[in-house]
Amino acid sequence: NQFATDKLNEPDLINETIAKLKAGAGDVVGSIVNGAANTFIQIIVMYFTLYFTMKNFRQFENGLVHQLPFKKSNSVKLGNELRNMTYSNILGQGLIAIIQGSLLGLGFLIFGIQDPIFWGVIGIFLSMVPLFGAPLIFIPAGLIELSNGNTVAGVGIIVYGYLIVTSIDNFIRMAIGRKIANTHPLITIIGVVIGIPLFGILGILYGPLMLSLFIILLNIYNSNKVEIAKLEGEEDNL
């Protein structure tokens, strides 16, 4: 108080600072409590919806097929494609991310770079973004090691990252494409860019799924146009 009064000419500086901190802490705690309450309510509603959807899934499925503005064959096609896209985008991308993050942590361990488990876990989350995720970790790590004079570790982690970590993405994605659905990486990247502003971190999963669904609907629309054109041609011939 004496220093603030004599040197800064602010005799109430400490009291005002404490009051501001109290007010700020109250706002932060309030926002945390409200956010936790909203999240809890959303989880409860989600599980109730999931329970009744799975309990009566046949009625739910038939109701969806009946309400969709497509004929039954297109509705079934939409459902199958949506299932395949879900497996490809969510389960497939999750599997790729786990493998890439694990390999990244193993590379850090092999070349003696600090905190391999921590960066492996971070790599799992960043690997959800194809082509750009893992390099955001191993390239800076390699440059830091080179700047510290660890040439072998620096060059090694960069070469290892490109030859092993990023290459495994292509092999796994091709295998998933053969088994489930061949989703182009460009769809995943654009979907992530669109989804993150809309859904936050979950946009990494929802964005590519929404974009894939949009493409499926376009294909159904085009097939319907072809069928209508054929019918109109047959009527003109009659």
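- Between the CG atom in Leu211 and the CZ atom in Phe214 there is a gap of 8.0 Å [rounded to 0.5 Å].
- The two residues Thr49 and Thr53 make their nearest non-hydrogen contact at O-OG1, 2.6 Å.
- Annotation: side chain of Tyr162 is in contact with side chain of Phe138 (closest heavy-atom distance under 4.5 Å).
- Annotation: side chain of Ile157 is in contact with side chain of Tyr160 (closest heavy-atom distance under 4.5 Å).
- Hydrophobic cluster membership differs between Tyr47 and Phe60, with clusters built from Ile, Leu, Val, Met, Phe, Trp and Tyr side chains linked at under 4.5 angstrom.
- Here the closest heavy-atom approach between residue Pro135 and residue Pro140 is recorded as O-CD, 3.5 Å.
- Here the OH-CG distance, from Tyr51 to Asn56, works out to 8.5 Å after rounding to the nearest 0.5 Å.
- Once rounded to the nearest 0.5 Å, the distance linking CG of Asn38 with CD1 of Ile43 reads 11.0 Å.
- Taking both residues in full, the closest heavy atoms of Ala97 and Ile124 are given as CB-O, 3.2 Å, listed atom of the first, atom of the second, then distance.
- Residues Ile139 and Leu143 are in side-chain contact: their nearest non-hydrogen atoms beyond the backbone lie under 4.5 Å apart.
- Counting heavy atoms from C-beta outward, Asn150 and Phe111 have side chains that stay 4.5 Å or more apart.
- Counting heavy atoms of neighbouring residues, nucleotides and ligands inside a 6.0 Å radius, atom CE of Met46 exceeds 12 of them.
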side-chain contact (heavy atoms from CB on, under 4.5 Å) evaluation trace for Ser102 with Leu106: CA-CA 6 Å; Ser102 302; Leu106 180 62; over 6 Å; no
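- Residues Leu163 and Phe108 fall within the same hydrophobic cluster, defined by Ile, Leu, Val, Met, Phe, Trp and Tyr side chains chained together at heavy-atom separations under 4.5 Å.
- More than 12 heavy atoms of other residues, nucleotides or ligands shown are found within 6.0 angstrom of CD1 on Ile44.
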Worked check of side-chain contact (heavy atoms from CB on, under 4.5 Å) between Leu209 and Leu213: CA-CA 6 Å; Leu209 189 60; Leu213 180 59; 5.9 Å; no
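- Residues Val159 and Leu104 are members of one and the same hydrophobic cluster, defined by side-chain heavy-atom contacts under 4.5 angstrom among Ile, Leu, Val, Met, Phe, Trp and Tyr.
- Heavy atoms only, all atoms of each residue included: Glu145 and Ala153 are closest at OE1-CB, 4.0 Å.
- Val152 and Val165 fall into different hydrophobic clusters, defined by Ile, Leu, Val, Met, Phe, Trp and Tyr side-chain heavy atoms under 4.5 Å apart, directly or through other members.
- Under a hydrophobic-cluster definition in which Ile, Leu, Val, Met, Phe, Trp and Tyr are linked whenever side-chain heavy atoms come within less than 4.5 Å, directly or via other members, Ile122 and Ile110 are assigned to the same cluster.
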